[in-house]
**Q** 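Take this structure, written in structure tokens, and hold onto it; I'll ask about it next.
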Amino acid sequence: MVKRIIVIFTLCILCAGCWEKKELEEQAYVVVIGLDKADEKGKIIVTFQISNPQVGSVQKGDAGNESASEIVTFKATDLLTAREIANAFITRDISFNHMRNLVVSEELAKSDMLLRTIYSTLRERQLKRDIRLIVCKEEAKEFIRNNSPTFETRPHKYYQFMIRQVTDMGFSPTSTLHEYFLTAEGDADLFLSILATTKEESGSGDNEDEYKAGQIDKEGGNKTQIMGSAVFKEGKMIGTITAEETRLSYALNNTANILKMLVTYEDPIKKDYRVAARLMKTGETKVKMNLETKTPIIDVEVPFSLELLAIPSLVDYVQNKENQTLLKNSIEASLEKKTMKFIKQFQEEYKGQPFAWSLIARKHFLTLSEYKEYNWMKTFPKAKVNVKFNVDITEFGEELRTPNIPKIKD
């Protein structure tokens with residue numbers, strides 16, 4: 001008798017995990033959510049891009065000619081009630097467990113609605129804080145429907161691969177909801193979010209990273225461009241910056257994970273050409289602050305190593321040390337000039353900084369109340385900032401010899 005009870009009890013424990021079991025074909029996974037501002041106060045327009053889990057899986061044979069995803073748009077008061085409403089026209093059980101991308105329109109991001117809308121998502125267990133926040137210039141529903149990548153039919157893979165590429169290169173920030181909330185609640189720094197669009201714009205830059213999303217003049221391929229950043233202050237969007245300025249913000253921020261960046265600089269000897277190089281940050285950015293003076297003074301030093309990759313002018317920067325020093329000084333001067341202009345723009349236009357320098361400023365105060373009384377957000381725009389770049393040319397690619405074009409023609 002005792003053995004029977006033990007067997008029945010053991011079976012009950014082993015089968016407990018299967019009570020809520022659902023087959024794959026019963027699930028509908030939302031992989032992208034779009035949010036737009038509605039005309040009615042207190043309401044938002046929600047767009048769900050729902051992935052078909054059978055397409056691209058081992059059960060593809062059962063899916064036949066089904067689409068890889070379905071996109072639906074409707075009005076709701078918040079994301080959680082939106083999921084319940086969607087059950088009225090989606091046959092499968094809707095899940096947010098695989099949702100990693102939240103797209104919001106620029107119009108909504110610039111309104112007071114965004115912060116209160118996103119805060120309401122924190123109560124839902126299926127929505128994680130590592131969800132990426134993407135700001136698009138058009139309506140989010142239009143952006144999601146216009147995004148039709150050729151190589152990646154599964155939407156979650158497209159966003160995963162595309163955003164990893166642009167963040168690894170520093171063209172756009174990582175911008176998770178966790179970072180958004182921390183920065184908004186800290187009320188001392190500015191937050192940078194991924195900027196994207198499916199619409200072309202005029203005003204393109206001259207070089208590889210002097211663009212914002214939509215400004216790259218191209219033909220063919222997917223319409224979507226992800227480049228540059230949207231600037232947020234106290235949870236509300238206040239402007240945009242280019243990919244080049246996003247990279248500079250990475251260089252000044254010790255909390256950002258900066259990887260290798262491929263960039264070009266004006267050739268100091270033959271100014272019609274540009275040299276291509278791979279830059280890599282070799283240590284922490286040194287930020288020294290003097291907050292005791294009437295005008296705060298901030299001295300910044302950024303260490304970089306540089307690998308020279310292409311020299312279209314064919315000037316010998318490899319074996320000629322004088323030329324090498326000239327190039328090094330020219331790149332350092334260019335970086336310092338652009339960075340000073342960038343910081344001044346943030347001081348005068350945005351009245352804040354996205355470099356997490358408030359974490360360094362806090363160390364200058366004994367108590368939190370003293371720091372709050374100092375009011376770092378209002379003090380930074382008055383500060384005098386000095387920036388110095390230390391660029392160390394370490395490598396020259398695989399070809400060291402500089403070819404002599406006249407001899408080749410002979």
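All heavy atoms count here, side chains included; hydrogens, waters and symmetry mates do not.
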**Q** Return the minimal non-hydrogen interatomic distance between P303 and T285, and the atom names on each side.
**A**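 Heavy atoms only, the tightest pair is CD-CA, 4.4 Å.
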**Q** Test your reading of the model: is there a side-chain donor-acceptor pair from S193 to the backbone of L133, 3.5 Å cut-off?
**A**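 Side chain of S193 to backbone of L133, a donor-acceptor pair under 3.5 Å: yes, one is there.
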**Q** Just one of E201, E107, E142, E106 clears the salt bridge (Lys or Arg N to Asp or Glu O under 4.0 Å) bar with K137, so which one?
**A**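 Passing option: E201.
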**Q** Answer yes or no: is there a side-chain heavy-atom contact under 4.5 Å between I134 and I163?
**A**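 Yes, their side chains come closer than 4.5 Å.
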**Q** Any side-chain to backbone donor/acceptor pair from R129 onto L177? Under 3.5 Å, distance only.
**A**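 Not at all, since once roles are kept as given, no pair shorter than 3.5 Å links the two residues.
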**Q** Just checking E373: does its CD atom have more than 12 heavy atoms from other residues, nucleotides or ligands closer to it than 6.0 angstrom?
**A**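 At most 12 heavy atoms, drawn from other residues, nucleotides or ligands, come within 6.0 Å of this atom.
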**Q** Which atom pair, heavy atoms only, marks the closest approach of Q225 to G214?
**A**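 That would be OE1-N, 2.9 Å.
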**Q** Can you tell whether the side chains of K75 and E40 come within less than 4.0 Å, N to carboxylate O?
**A**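 Yes.
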**Q** Assess whether a salt bridge exists between E245 and K338, defined as any Lys/Arg side-chain N lying under 4.0 Å from an Asp/Glu carboxylate O.
**A**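 Answer for the salt bridge query: no.
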**Q** Begin with the C-alpha distance, continue with both residues' side-chain angles, and end with the deciding distance and a verdict on side-chain hydrogen bond (donor to acceptor under 3.5 Å, both in side chains) for T295 and T293.
**A** CA-CA 5 Å; T295 302; T293 56; over 6 Å; no
**Q** Mind checking whether T246 and I241 have side chains closer than 4.5 Å, heavy atoms only?
**A**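 The answer is yes, as the side chains (C-beta and beyond) meet within the 4.5 Å cut-off.
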**Q** State whether the number of non-hydrogen atoms from other residues, nucleotides or ligands found under 6.0 Å of E84 atom CD is greater than 12.
**A**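 Result for CD/E84: enclosed.
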**Q** Let me confirm one number: the NZ-OG1 distance from K199 to T224, rounded to the nearest 0.5 Å.
**A**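 Rounded to the nearest 0.5 Å, the NZ-OG1 separation comes to 13.0 Å.
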**Q** Is atom NZ of K223 surrounded by more than 12 heavy atoms (other residues, nucleotides or ligands) closer than 6.0 Å?
**A**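 Counting neighbours around NZ of K223, 12 or fewer heavy atoms of other residues, nucleotides or ligands fall under 6.0 Å, so no.
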**Q** Answer with yes or no after comparing the ring centroid distance for Y180 and Y119 against a 6.0 Å cut-off, counting only values under it.
**A**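 No; Y119 has its ring centre 6.0 Å or more from that of Y180.
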**Q** Looking at L252, is its backbone amide N or carbonyl O close enough to the side chain of W357 to form a donor-acceptor pair, meaning the two atoms are under 3.5 Å apart?
**A**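 Between the backbone of L252 and the side chain of W357 there is a qualifying donor-acceptor contact (under 3.5 Å).
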**Q** For K344, is there an ion pair with E349 - N to carboxylate O distance below 4.0 angstrom?
**A**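 Result for this pair is no, no salt bridge flagged.
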**Q** Please report the interatomic distance OH(Y159) to CE(M99), rounded to the nearest 0.5 Å.
**A**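 Interatomic distance, Y159 OH to M99 CE, rounded to 0.5 Å: 11.0 Å.
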**Q** How long is the straight-line distance from NZ of K341 back to CG of L248, given to the nearest 0.5 Å?
**A**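 Output value for this atom pair is 11.5 Å.
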**Q** Do the charged groups of E266 and K271 touch, with an N to O distance under 4.0 Å?
**A**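 Salt bridge between E266 and K271, a charged N being under 4.0 Å from a carboxylate O: yes.
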**Q** Checking T339 side chain against L335 main chain: does a donor-acceptor pair fall under 3.5 Å?
**A**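 A pair under 3.5 Å: yes.
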**Q** I want to check something: taking the side chain as every heavy atom from C-beta on, are M377 and K233 in contact at a cut-off of under 4.5 Å?
**A**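 When only atoms from C-beta onward are counted, K233 and M377 do touch, with a gap below 4.5 Å.
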**Q** Is any side-chain N of the basic residue among K236 and D112 closer than 4.0 Å to the acidic one's carboxylate O?
**A**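 Answer for the salt bridge query: yes.
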**Q** Return the orientation label for the Y350 and F346 ring planes: parallel under 30°, perpendicular over 60°, tilted otherwise.
**A**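 Ring orientation of Y350 relative to F346: perpendicular.
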**Q** Going through the checks in order, is the salt bridge (Lys or Arg N to Asp or Glu O under 4.0 Å) test met by K218 and E200?
**A** CA-CA 9 Å; K218 73 178 184 70; E200 293 183 3; over 6 Å; no
**Q** Could you tell me whether the side chains of T240 and K212 share a donor-acceptor contact shorter than 3.5 Å?
**A**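 A donor-acceptor contact under 3.5 Å links the two side chains.
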**Q** Quick check against the 3.5 Å criterion: does S334 have a side-chain atom that pairs as donor or acceptor with the backbone of S330?
**A**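 Judged by distance alone, no pair lies under 3.5 Å.
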**Q** Just by distance, no angles: are the side chains of R145 and T73 close enough, under 3.5 Å, to form a donor-acceptor pair?
**A**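 There is such a pair between these side chains.
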**Q** Mind checking whether Y273 and I311 have side chains closer than 4.5 Å, heavy atoms only?
**A**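 No, every pair of side-chain atoms sits at 4.5 Å or beyond.
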**Q** Report the C-alpha separation of D189 and T183 in whole Å, then their side-chain angles, then the decisive distance to 0.1 Å, and conclude whether the side-chain hydrogen bond (donor to acceptor under 3.5 Å, both in side chains) test is met.
**A** CA-CA 6 Å; D189 302 312; T183 311; over 6 Å; no
**Q** Is the gap between the ring centers of Y211 and F171 under 6.0 Å?
**A**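 Centroid distance Y211-F171: not below 6.0 Å, so no.
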**Q** In the structure I gave you, are the side-chain heavy atoms of F89 and F74 within less than 4.5 Å of one another anywhere?
**A**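 The answer is yes; the side chains approach within 4.5 Å.
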**Q** Any sub-3.5 Å donor-acceptor pair from K141's side-chain atoms to F143's backbone N or O?
**A**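 The answer is no, because no donor-acceptor pair under 3.5 Å joins these two groups.
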**Q** Would you check if the side chain of S111 reaches a backbone N or O of L108 as a donor-acceptor pair within less than 3.5 Å?
**A**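 Yes, because the side chain of S111 sits within donor-acceptor range (under 3.5 Å) of the backbone of L108.
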**Q** Without swapping roles, check the side chain of R274 against the backbone of P312 for a donor-acceptor pair under 3.5 Å.
**A**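 Such a contact is absent between R274 side chain and P312 backbone.
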**Q** In sequence, state the C-alpha distance, the side-chain angles, and the governing distance for L102 and R132, and then conclude on side chain to side chain contact (heavy atoms under 4.5 Å, CB included).
**A** CA-CA 6 Å; L102 179 65; R132 290 179 285 262; over 6 Å; no
**Q** Strictly by modelled atom types, are E332 and N390 linked by a side-chain donor-acceptor pair under 3.5 Å?
**A**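 Checked: E332/N390 side chains show no N/O donor-acceptor pair below 3.5 Å.
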**Q** Looking only at heavy atoms, which two atoms of L115 and G235 are closest? And how far apart?
**A**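 Heavy atoms of L115 and G235 come nearest at CD1-CA, 4.3 Å.
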**Q** Report the C-alpha separation of T176 and D130 in whole Å, then their side-chain angles, then the decisive distance to 0.1 Å, and conclude whether the side-chain hydrogen bond (donor to acceptor under 3.5 Å, both in side chains) test is met.
**A** CA-CA 5 Å; T176 62; D130 62 351; over 6 Å; no
**Q** For a quick check under 3.5 Å, do E138 and T198 share a side-chain donor-acceptor pair by atom type?
**A**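 Note: E138 and T198 side chains meet the donor-acceptor criterion.
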**Q** Without hydrogens or angle criteria, can the side chains of N323 and D316 be said to hold a donor-acceptor pair below 3.5 Å?
**A**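 N323 vs D316: no donor-acceptor pair found between side chains.
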**Q** Pair D392, T394 - check side-chain hydrogen bond (donor to acceptor under 3.5 Å, both in side chains), show working.
**A** CA-CA 6 Å; D392 189 14; T394 56; over 6 Å; no
**Q** Roughly how far apart are S229 OG and L195 CG, rounded to 0.5 Å?
**A**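 Spacing of OG (S229) from CG (L195) equals 7.0 Å.
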**Q** Could you walk me through whether K281 and N254 pass the side chain to side chain contact (heavy atoms under 4.5 Å, CB included) check?
**A** CA-CA 10 Å; K281 201 170 164 186; N254 281 328; 3.7 Å; yes
**Q** Is the closest side-chain heavy-atom distance between T242 and F342 below 4.5 Å?
**A**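 The answer is no, as the side chains (C-beta and beyond) never meet within the 4.5 Å cut-off.
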**Q** Nearest heavy-atom pair of Y317 and Q324: which atoms, and what distance?
**A**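 Taking Y317 first and Q324 second, the nearest heavy atoms are O-NE2, 3.3 Å.
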**Q** Taking the side chain as C-beta and beyond, is there a heavy-atom pair between I33 and T47 under 4.5 Å?
**A**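 No, every pair of side-chain atoms sits at 4.5 Å or beyond.
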**Q** Can you list the steps and then say if M162 with I226 is a side chain to side chain contact (heavy atoms under 4.5 Å, CB included)?
**A** CA-CA 8 Å; M162 188 69 199; I226 300 177; 3.6 Å; yes
**Q** Quick one, F355 with I343, criterion side chain to side chain contact (heavy atoms under 4.5 Å, CB included). Give me CA distance, side-chain angles, the key distance, then yes/no.
**A** CA-CA 10 Å; F355 323 124; I343 292 173; 4.2 Å; yes
**Q** May I ask you to decide if F380's main-chain N or O and Q353's side chain share a donor-acceptor pair within less than 3.5 Å?
**A**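 Not a single qualifying donor-acceptor pair exists.
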**Q** Could you grab the distance from atom OG1 of T197 to atom CD of Q215, nearest 0.5 Å is fine?
**A**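 Nearest 0.5 Å value for the OG1-CD distance: 10.0 Å.
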**Q** Kindly assign one of parallel, tilted or perpendicular to the pair Y374 and F365, based on the angle between their ring planes and the thresholds 30° and 60°.
**A**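 Geometry flag for F365 against Y374: tilted rings.
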**Q** Rounded at 0.5 Å granularity, tell me how far CD1 in I131 sits from CG in N101.
**A**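 It is 8.5 Å, given to the nearest 0.5 Å.
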**Q** Quick check against the 3.5 Å criterion: does S172 have a side-chain atom that pairs as donor or acceptor with the backbone of G228?
**A**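 Present.
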**Q** Answer whether the closest heavy-atom distance between the side chains of L291 and I297 falls below 4.5 Å.
**A**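 In short, these two side chains do not touch, never coming nearer than 4.5 Å.
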